[in-house]
Amino acid sequence: MEISFVSQLLIVLVAVVGYSAIVFEDRLRINKSAVALVIAVLCWTAHVMGAGAFSEKALISLSEHLSEVCEIVFFLFGAMAIVETVDAH
C-alpha cells in the first residue's frame with residue numbers, strides 16, 4: 001500500500017516527538033502509556049489518510065494489525081491471571 005511522502009514524514013515526526021516525550025516523562029510529568037497510545041492513534045491516522053481516506057487496503061491493514069495486538073493482549077491477560085492464581089496459593 002502506497003502512502004504519501006507527507007504522511008510518511010508526519011509518522012516519523014510524531015514518533016520522534018512521542019518517544020522524546022516518553023524519555024522526558026519525569027520532567028514533563030506525563031504518563032508513558034498515554035503518550036504511547038496517542039502516538040499509535042496519530043500514526044495510524046496519518047497512515048490511513050495518506051493511503052486515501054478510509055481506503056479498503058488501509059482498513060484491511062488496520063484490522064490485521066489490530067487483530068495481532070488483540071491476540072497479544074488476550075495472551076497477556078491469561079498469563080497474568082495464571083501468575084496471580086499461582087501466587088495466591
Identify whether Leu10 and Leu42 are in the same connected component of the hydrophobic contact network (ILVMFWY, side-chain heavy atoms under 4.5 Å). yes
Here the salt bridge (charged side-chain N to carboxylate O under 4.0 Å, His left out) pairs for residues 29-50, sequence neighbours left out, are Glu25-Lys32
Residues pairing under ring pair (Phe, Tyr, Trp, His ring centres under 6.0 Å) where one sits in residues 19-43, two or more places apart or in two chains, turn out to be none
Only residue of Ile39, Leu28, Ile30, Asn31 satisfying side chain to side chain contact (heavy atoms under 4.5 Å, CB included) with Ile22 is Ile39
With sequence neighbours left out, the residues meeting side chain to side chain contact (heavy atoms under 4.5 Å, CB included) with Ile11 are Ile3, Cys43, Ala46, His47
Connected to Val16, directly or through other members, by ILVMFWY side-chain contacts below 4.5 Å are Val12
Side chain to side chain contact (heavy atoms under 4.5 Å, CB included) filter on Val41, not counting sequence neighbours, yields Thr45
Exercise answer: donor-acceptor pairs, residues 62-85 side-chain atoms, under 3.5 Å, sequence neighbours excluded:
residue: Ser63; atom: OG; partner: Leu59; partner atom: O; Å: 3.4
residue: Ser63; atom: OG; partner: Ile60; partner atom: O; Å: 2.8
residue: Ser67; atom: OG; partner: Ser63; partner atom: O; Å: 3.3
residue: Ser67; atom: OG; partner: Glu64; partner atom: O; Å: 2.7
residue: Thr85; atom: OG1; partner: Ala81; partner atom: O; Å: 2.8

Closest non-hydrogen atoms of Val35 and Ala21, given as atom of the first, atom of the second and distance, are CG1-CB, 4.0 Å
